Each structure stands twice: as C-alpha cells, then as structure tokens.
Amino acid sequence: MSRTIPVVLAAVLAVALAIAALPWLAPSRFAVTALTEAVRQATGRTLTVNGGVTASLWSSPGVTLYDVVISNPPGGDPGQVAVIEAVRITLEPGAILAQRMEPAAIDVIRPRLSLITNGAGRPNWLPPEGAAGVALPYPVRIEGGDIRYLDERTGATAQVTEANLRLTPPAGGAAAGVEGHLTWNGQRVAVSLDVKSPQRLAAEGSPIDIAIDAAPLKASFSGRASLAHGVSLAGTGEADSPSLRELLRWIGYRTEGGPGLGALKLTAAVDSEGATVKLSDLVLGLDGMTARGRATLDLAGARPRLDAALGVDRIDADVYVPRGPVSDDWSDARLSFAGLKALDATLDIAAGGFAFRDLSLGKLAARVKLDGGKLDADIAEAELWGGALKGTVALNGATPAPAVSIDVEAKAIDAGQAFAALTGSGALRGRGEAALTVAAAGASQRELVATLKGAAWMSFADGAVEGVDLAVLARQAQMAIVAGWRPPGPAAAAATPFTLLQGGFAGVDGLAATKDLVVQGPALSAAGQGIVDLLRRRLDLKAAVTLPPPAAEASTPAPSPVILLKGPWDEPKAFADISPDPAAPDPAAPPQTGPAPAPGLPAPASP
C-alpha cells in the first residue's frame, strides 16, 4: 500500500497538469480547437472533447466540457491515459463574457485514469521530453475517480476507486498537494500528499510527505521519492496497525486464521526500491513485544520475505500457539501452526527472555528461519533454570499434521526449577545436566505424544526428593501395597536426600524405556528399569533397592528388596516383587556418565 499510494497520487497530480491547459479555452464550440492545441503544446498529447461544451453565467458561472479524452504520449502505446465524464471550469461571469480564461478552480468529474509504466520504465502520465509543460496555478478537484495502475516491468497492479481528491498548486514556495479520500481493496483511505517538485519525480526525485489513514493501517513518510526506476523512497516512516494479519490480507497476501500477528507499531529510516524495503534504526512493536534493529522486507513474492537482525525485549510464543483447556489428560484439540505460513524469514535474534507454556528462558541468542510454514531455530545460547541451554528446535506447519523435533542439552540447571516447569511440582532439589533428542508429528497434543520417539538423559547431584522418604516407602512396600507417592506416616512429611539421581530413557510411540535409573544417597540406593507410558500416563518400573540396616542390627546384611511401581504416574502403587529377577539391576553398580543408548524397549516388569 505504501508503494501504491505515492504512485497513484503523484500520477493524479501529473494528469491534472494536462487539464491545466484549459485557461486557453473559449466558452463556445470553437474553444475545443484552441483547447486541443494548448494541451498538445503543453503535454504532447491529444485532447478530444466528444460531448460538447456548455457555458453558464448564473449559479455556477463557468464552462463545462463533456466526455473528455486525453491520449497516451506520442510514440507510446495506443489508447488514452484518461477518459473523463466532465470537466467543469469555474470562471467569473465577466471573464466568460470577455472570453478571458482565468479559472478559479477546475472540477474533474468521474475520471477513469489508466496509468502505465512501460517496460522501459517510462510512465504514460508524465509529459514527453521537449513538451512545454504547464503550471497549475489553481486548485483541481477530482470527484468519483477510478484509477488503475500497471507496471509492465514487474506485472504489479493496483486499483483505486471512489477517489475524491483536492489538488493544490504550489504557491509561495509551498509544495503541490493532494488531499482527500479514496477506496483501495475495499477500504476507505484518507490520504495527504505534499510534493515539492512534481516535475522531478520521474528523474532525480522530489521531497515528499505522505500520510494515509485507513482501518487496517495508519502510516506516514517524510523524505524523497523518485519514479525513475519504479517507486523509490528514502526518508523516515511510521506505521500503526491493529492487526498485522488483516493488514497482510488487505495488501494482497493470503494468510490463514490463527492467533498472534495482532497489533503492530513501527518506526524506521526507510530506503526502498521497487518491492524491496530496507529499514534501519527500526523500532517494531508486535503482539506486545518490542524489537529494535534493522530489517529488509521483500514484497515481490507470494509471501513477504523478512531478513532481520533484532534485539527483542522478550518472545512470548504462547501468542502464536493457542493454549488448550487445562486437563489431567492430553488434549484432542486441533493444533494450528498457521501463523508460520504468513511470511518467510531469516532472523538473527538476541532476546531478553522466551516463554512458552511452562518453559521460561532468560537471555538467549538464536537464528530463526521460516520457509513455507517450516520453522528452524538454532539456539546458540540461552539461560535456563539457572544454567545454560543450546540446541535446535524445528516446527513444521506446512503439513496437515504439524511436526516437532527438539535436540537440546542443558548444563548446570537447577533441578527444582526444571521439575516445577515440567511437572508443576517443586518436589526436587539439586543441580545437574540433561539432554533431549525427540521428534513427533500429530494434529493434536495426544497425537504428538503417541508418536513421540527419541532419547533423554538426566543427571543431578547433591539434592533431595521433597515430600517423601523413599526408604520408608520401600520398607512399607515390602509388607503391603502402598498407594500414591506419599504414604501415611512419617514418610509423607520427610525428604529423600541423594548424592546422585541419574537415568536415561529411549522412546518410541509414546513409550519411554529406561535400563539405568539410579538413585544413590545416605538413606538408600536403588537401580531401576522399566517403561513410562507417556500417552496413558502410567508407570511400569522395577527397582532393586539397598537399605541400610537398623542401627541395632548394623552387623546384619543390608536389606535389598525389589520394589515394583505400577499404575497412573500421579498415584502409582508400590509393592514388593516376591519373585525377584536374578537379572535385576545392581544398585551398587557404578552409574552411567552419559546419555543412554536407544535399543529396543525392555519387557515390562512382571507383577
């Protein structure tokens, strides 16, 4: 839109210069001959009055010409640049009687302008070289205009209807101006244009000020404009839109529905050439976030393309992915990554923070690429849970079932913050590291979990499991079935300190298997294996536990029960395996120091 309005308004102003030859018109039929000659000398064009001429001395003194046609410039394409229903020239009665053409104003009624920039870059609305040109010493009003524009070099088109504009001539050093309103792509647009040197627009350019006000966009520009090689602008600009999504639709880009892409506010130094706009000293506000930096926007393709280096105060990804209702089960609501298809982009981002659901990052640096609805984020560094994160995240919104892949590793993270973010509970203390490599595809949260595959590994040291004494739980499970993580009695209010909590998981189809889950601490040591059913939220784990003997029986061997943990993961049942497997993991074995391999899933533990 910002490229089209200057072209259209400047063209209207230039066409009006042709009308300015009308001072030589005599208020009778023979005046047509004089008018035609004057326009030829001034613009090199042919003017034809097909509908006759009338004069009035009373309520609206002046002369009216009907069915006026102005041709394309000589040597150009056949046809006409303007077909006008009527041209009304306001004159004083004395001037009419004396046949002196001293207009006070000119009204152009329902003109149809066909504006073309040919393959050589020559606009058909400017005077050819050698034409005398004509000044515009009086205002011109356009009523009900229809303006169509074609750039034959690029195929770019635009159409303006219901143009009601007032063209003001330069006077006393003031710029020529256009003010009024028009309709473009179904929206009424108020426009204001001041051009210091209209005749220089087609060459080195002219100082220009533009302002537009429409429901999808309010914008202004101040600087220099040239039409020598398409539309070129250099200056400063501002834009304000209540919805970037609706703005993109208005200017001709197809965007699907979805969250985000809302309120937009922009200020920048602008340097544009044709369909490419370069922005420096950019301050961009979008969906409540603020970015500063530089950007290049290319509007020539099927989708806008943005290349930018930006510093962002924060990134709120929840804005672009709808949050489903809170539930104890996975959601079946359809996921939409439609916002990823709005544009293509390469973004170098330094952000003060990132938030998505319960995941919150501190400062981060990343390169984000968007191409046809596919997002690839390469995180060079990010602050996470008191430590550091790096890796890659990919989202594919171009397919009917969105796909997600994550390959990240975190160092020196706080176990309590991590556990609280992932489970909603702060029941873990310690510090350590973790790695995650997973992929999934599905049109809902449930489908994503059902197709999840990959591997995960974690290792935390010198912490505690809060709210439960696992040693007491293991002892109780030897004698009876214990329901839930917090059995009655002293175990419910206690904690289980550990020197090491470590394990690796290999997953396929929403099942995560482990063979090396290890807990070591002063109150117990345990080595576990089994399956976590992510889709059904169930556990099927077996742990060989070593408990220190009671103080009174210090000389006796430490009890080593095998405990089974089965059922819903928020309320499992713990009980002793009365037939211990000789191949059960040895709690005294040294722990693994890296991510677990991803072999086939082990068989579930026997009840």
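No experiment lies behind these values; they were computed from the predicted model shown.
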Which heavy atom of Gln478 sits nearest a heavy atom of Ala576, and at what distance?
CA-CB, 3.8 Å
Spell out, as yes or no, whether a donor-acceptor pair under 3.5 Å connects the side chain of Thr451 to the backbone of Ala441.
yes
Do other residues, nucleotides or ligands put more than 12 heavy atoms under 6.0 Å from the CZ atom of Arg536?
no
Spacing of CG belonging to Leu524 relative to CG belonging to Leu470, to within rounding of 0.5 Å:
6.0 Å
So with a 6.0 Å cut-off around CZ of Arg249, is the heavy-atom count from everything else above 12?
yes
Run the salt bridge (Lys or Arg N to Asp or Glu O under 4.0 Å) test on Asp376 and Lys369 for me, step by step, so that the C-alpha distance in whole Å, both residues' side-chain angles and the decisive distance to 0.1 Å come before the verdict.
CA-CA 5 Å; Asp376 292 289; Lys369 292 185 177 181; over 6 Å; no
Show your reasoning for whether side-chain contact (heavy atoms from CB on, under 4.5 Å) applies to Leu541 and Leu564.
CA-CA 6 Å; Leu541 301 175; Leu564 303 181; over 6 Å; no
Picking from Asp371, Asn396, Leu395, what satisfies side-chain contact (heavy atoms from CB on, under 4.5 Å) with Leu340?
Leu395
Do Arg538 and Glu571 sit within salt-bridge range, that is, some charged N less than 4.0 Å from a carboxylate O?
no
Side-chain donor-acceptor pairs of residues 399-411 under 3.5 Å, sequence neighbours excluded:
residue, atom, partner, partner atom, Å
Thr399, OG1, Ala401, O, 2.8
Asp407, OD1, Thr437, OG1, 3.1

Looking at side-chain heavy atoms only, is the closest gap between Asn185 and Ile251 below 4.5 Å?
no
Report, as yes or no, whether the 6.0 Å neighbourhood of atom CD on Gln187 holds more than 12 heavy atoms from other residues, nucleotides or ligands.
yes
Using a 4.5 Å cut-off on heavy atoms from C-beta on, say whether the side chain of Thr290 contacts that of Arg314.
no
Minimum heavy-atom separation for Gly504 and Thr514, please, with both atom names.
O-OG1, 2.8 Å
Once you round to the nearest 0.5 Å, how far does OG1 of Thr296 lie from CG of Leu279?
7.5 Å
With side-chain contact (heavy atoms from CB on, under 4.5 Å) as the test, would you mind laying out the steps for Leu364 and Glu383 before giving the verdict?
CA-CA 6 Å; Leu364 68 92; Glu383 297 175 352; over 6 Å; no
Ignoring hydrogens and geometry, is there a side-chain-to-backbone donor-acceptor pair from Asp313 to Gly352 under 3.5 Å?
no
Are Leu511 and Val532 packed together at the side-chain level, in the sense that at least one heavy-atom pair is separated by less than 4.5 angstrom?
no
Test side-chain contact (heavy atoms from CB on, under 4.5 Å) on Asp348 and Leu310; report intermediate values, then the result.
CA-CA 6 Å; Asp348 289 312; Leu310 301 172; over 6 Å; no
Please find the pair of heavy atoms, one from Pro242 and one from Pro216, that lie closest to each other, and give the distance.
CD-O, 3.7 Å
With distance as the sole criterion, is a donor-acceptor pair present between the side chains of Thr346 and Arg305 under 3.5 Å?
yes
To the nearest 0.5 Å, atom CE of Met458 lies from atom CG of Leu501 at 4.5 Å
Nearest 0.5 Å, what's the CZ-CG distance between Phe354 and Leu384?
11.0 Å
For a 4.5 angstrom cut-off between non-hydrogen side-chain atoms, does Leu282 reach Leu266?
yes
Can you pull the salt bridge (Lys or Arg N to Asp or Glu O under 4.0 Å) pairs that have at least one residue in residues 273-283, sequence neighbours excluded?
none
Examine distances only and state if a side-chain atom of Gln529 and a backbone atom of Lys515 form a donor-acceptor pair shorter than 3.5 Å.
no
Are the side chains of Val283 and Arg292 in touch, meaning some heavy atoms are under 4.5 Å apart?
yes
Quick one: are Asp298 and Pro304 in side-chain contact, heavy atoms under 4.5 Å?
no
Kindly compute the distance separating CZ (Phe460) from CG (Asp414), expressed to the nearest 0.5 Å.
8.5 Å
Spacing of Asp287 atom CG and Ile315 atom CD1 [to the nearest 0.5 Å]
12.0 Å
Short question: side chain of Ser280, backbone of Arg294 - any donor-acceptor pair under 3.5 Å?
no
side-chain contact (heavy atoms from CB on, under 4.5 Å) assessment of Phe221 paired with Thr236
CA-CA 6 Å; Phe221 172 83; Thr236 58; over 6 Å; no
If you compare all heavy atoms of Ala477 against all heavy atoms of Ile563, which two are closest, and at what distance to 0.1 Å?
CB-CD1, 3.9 Å
Would a 4.5 Å heavy-atom cut-off, applied to side chains only, mark Trp385 and Leu359 as touching?
yes
Is a salt bridge present between Asp378 and Arg367, judged by a nitrogen-to-oxygen distance below 4.0 Å?
no
Sidechain-backbone polar pair: Thr267 side chain, Leu284 backbone, donor-acceptor under 3.5 Å:
no
Taking all atoms of both residues into account, what is the closest heavy-atom pair of Leu565 and Ala574, and its distance?
CD1-CB, 3.7 Å
Lys542 and Val562, any side-chain heavy atoms less than 4.5 Å apart
yes
Lys/Arg-Asp/Glu bridge criterion (N-O < 4.0 Å) met for Asp509, Lys453
no
Does Arg537 qualify as a cation-pi partner of Trp330, given the criterion of NZ or CZ under 6.0 Å from the six-membered ring centre and within 45 degrees of its axis?
yes
Electrostatic pair Lys218-Asp240, nearest N-O below 4.0 angstrom:
no
I need the minimum non-hydrogen distance between Leu247 and Ser241, along with the two atoms involved.
CB-OG, 3.8 Å
